[in-house]
Asker: 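First the structure, which I've put down as structure tokens, then a few questions once you've had a look.
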Protein chains: 2
Amino acid sequence: MIDIPETVSSIKQAAEFTGLSEDTIRYYEKIGLLPYADRKASGHRTYSKHQLEGMVFLTRLKATGMTLEEMKHFRKLYERGEASLPQRVSILIEHKNRIQNEIDRLLETQRIIDYKIDNYNEVLVNPDLNKKWKSPFAD
Amino acid sequence: MIDIPETVSSIKQAAEFTGLSEDTIRYYEKIGLLPYADRKASGHRTYSKHQLEGMVFLTRLKATGMTLEEMKHFRKLYERGEASLPQRVSILIEHKNRIQNEIDRLLETQRIIDYKIDNYNEVLVNPDLNKKWKSPFAD
DNA sequence: TCTTGACTTGGAGTGTACTCCAAGTTGTAT
DNA sequence: ATACAACTTGGAGTACACTCCAAGTCAAGA
């Protein structure tokens, strides 16, 4: 990962460092997933390193299947301060479990794909075998 | 997995055995992802075990991130017969690699979540530590 | 025969997450 | 001073994958 400067003073740079698009950053702010960003005198958004890291963490949660609504909820808990810590922990634990289930599902599908690739390769070597696998896409 | 009978004679049963909804099955047929299903004299759809297994395989590809368009492409190759075998193998290999990348990403996010959970727990034990972690959502 | 329920069709509507646009403002280089 | 790029806003449009609906047909039981 690129290392993030202490502050950036344009949405373009924020996009560059977080991997989000400029439009997506504005959209997230619009729906309340990101807090209203500080503006310069010109009205342009500025971001601290702190905020950029938060955005990167959001992209990770999203990339692992958390919805924008769930992330908004998490953010609201964060804003309520320390009292919400236990709730935040349990959300993270639950999300971690979801990720684990997803991993298990992916591994199983990899096994099935391997099986199909093996079948395909056998048919490539000996086309007469073709009739043996009647399963769709497998023969 | 439930075992699938040799044939089913309604879309309801097909839905039951594949896990897809009736509407989704009709939708897949409409967009050409599934071939036009055989109909009884009444016009009701019937499906062979062969076809049901194909539908289950589609759900796996979809659950692991393949789009409907990509699946349509794969299906068309399948319909072109044996000559498309090498192409189908390479699509499967590529998809398997995508799954691997996804798994790697999920594992990395799990590690990050673990790190955050640890931080949270430390703060829960000793609230004074709270100032140490300035990273959003992490403190 | 009549009702009930499962099915058929084409097409409209939904939810999520963007993505783009028009009109206007500001900052920088020549 | 002027051009031009980068930014601002509210709001409209898009892509994907369904999901629902209305109107009609068909099969089986009371």
Side-chain angles (χ1 to χ4, degrees), chain A residues 5 7-48 51-52 54-75 95 98 102 105, chain B residues 5 7-48 51-52 55-75 95 98 102:
Chain A
T7 71
V8 299
S9 51
S10 78
I11 198 167
K12 187 179 189 178
Q13 284 172 32
E16 188 181 330
F17 288 115
T18 61
L20 294 167
S21 77
E22 301 176 35
D23 271 321
T24 300
I25 293 172
R26 290 194 198 95
Y27 170 68
Y28 283 2
E29 188 183 301
K30 183 151 49 178
I31 66 170
L33 174 55
L34 292 174
Y36 187 80
D38 290 343
R39 314 286 154 124
K40 293 191 290 189
S42 60
H44 295 190
R45 289 169 179 80
T46 60
Y47 297 95
S48 67
Q51 289 171 318
L52 294 173
M55 288 157 73
V56 170
F57 184 50
L58 286 186
T59 66
R60 292 214 153 267
L61 292 180
K62 203 195 128 255
T64 53
M66 195 178 276
T67 65
L68 302 189
E69 274 309 309
E70 287 171 303
M71 292 192 279
K72 252 169 92 169
H73 179 224
F74 192 82
R75 166 151 257 310
H95 189 60
R98 272 168 34 181
E102 175 73 4
R105 223 154 34 83
Chain B
T7 71
V8 299
S9 51
S10 78
I11 198 168
K12 187 177 188 177
Q13 284 172 30
E16 189 180 331
F17 288 114
T18 61
L20 294 167
S21 77
E22 301 176 34
D23 271 320
T24 300
I25 293 171
R26 290 194 198 95
Y27 169 66
Y28 283 1
E29 188 183 301
K30 184 152 45 180
I31 64 170
L33 174 54
L34 291 175
Y36 187 81
D38 291 343
R39 316 285 155 125
K40 293 191 292 188
S42 60
H44 295 189
R45 289 168 179 81
T46 60
Y47 297 93
S48 66
Q51 290 170 318
L52 294 174
M55 287 158 73
V56 170
F57 184 50
L58 286 185
T59 66
R60 292 214 153 267
L61 292 179
K62 202 194 129 257
T64 53
M66 194 178 277
T67 65
L68 302 189
E69 275 309 309
E70 289 172 302
M71 291 192 279
K72 253 168 92 169
H73 179 224
F74 191 82
R75 166 150 256 312
H95 188 60
R98 271 167 37 179
E102 175 73 4

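Just so it is clear, the structure is predicted and the values come from calculations on it, not from any experiment. We name chains A, B, ... by the order of the sequence lines, and we start the count at 1 in each one.
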Asker: Any side-chain heavy atom of B:Leu34 within less than 4.5 Å of one from B:Tyr47?
Answerer: no
Asker: Restricting to non-hydrogen atoms, name the atom on A:Thr18 and the atom on A:Ile25 that form the minimum distance, rounded to 0.1 Å.
Answerer: OG1-CD1, 4.2 Å
Asker: May I ask you to say what A:Arg26 touches in the nucleic acid, namely base, sugar-phosphate or nothing, with a heavy-atom cut-off under 4.0 Å?
Answerer: base
Asker: Could you tell me from which nucleotide to which nucleotide of DNA chain C, 5' to 3', there is an atom under 4.0 Å from chain A heavy atoms?
Answerer: C:dA17 to C:dG27
Asker: Does a sphere of radius 6.0 Å around NZ in A:Lys12 hold more than 12 heavy atoms from other residues, nucleotides or ligands, not counting ones at 6.0 Å or beyond?
Answerer: no
Asker: Could you give all pairs that pass the salt bridge (charged side-chain N to carboxylate O under 4.0 Å, His left out) test and reach residues 22-32 of chain A, with sequence neighbours left out?
Answerer: A:Glu22-A:Arg26, A:Asp23-A:Arg26, A:Glu29-A:Arg39, A:Glu29-A:Arg45
Asker: Dump the pairs, protein N or O against N or O of nucleotides 14-19 of chain D, anything under 3.5 Å, distances to one decimal.
Answerer:
unit_1, atom_1, unit_2, atom_2, d
D:dC18, OP2, B:Tyr28, OH, 2.5

Asker: Base, sugar-phosphate or nothing for B:Ile31? Non-hydrogen atoms, less than 4.0 Å.
Answerer: nothing
Asker: For A:Ser10, does its backbone N or O pair with a side-chain atom of A:Gln13 as donor and acceptor, under 3.5 Å?
Answerer: no
Asker: Between A:Thr46 and B:Gly43, just flag the one whose closest nucleotide in DNA chain D comes earlier from the 5' side.
Answerer: A:Thr46
Asker: State whether the side chain of B:Lys62 and the backbone N or O of B:Met71 hold a donor-acceptor pair below 3.5 Å, judged by distance alone.
Answerer: no
Asker: If you compare all heavy atoms of B:Ala37 against all heavy atoms of B:Thr46, which two are closest, and at what distance to 0.1 Å?
Answerer: CB-O, 4.1 Å
Asker: Quick one, A:His95 and A:Thr64 - any side-chain contact, counting heavy atoms below 4.5 Å?
Answerer: yes
Asker: How many Å lie between NE2 on A:His44 and C1' on D:dA5, as a whole number?
Answerer: 10 Å
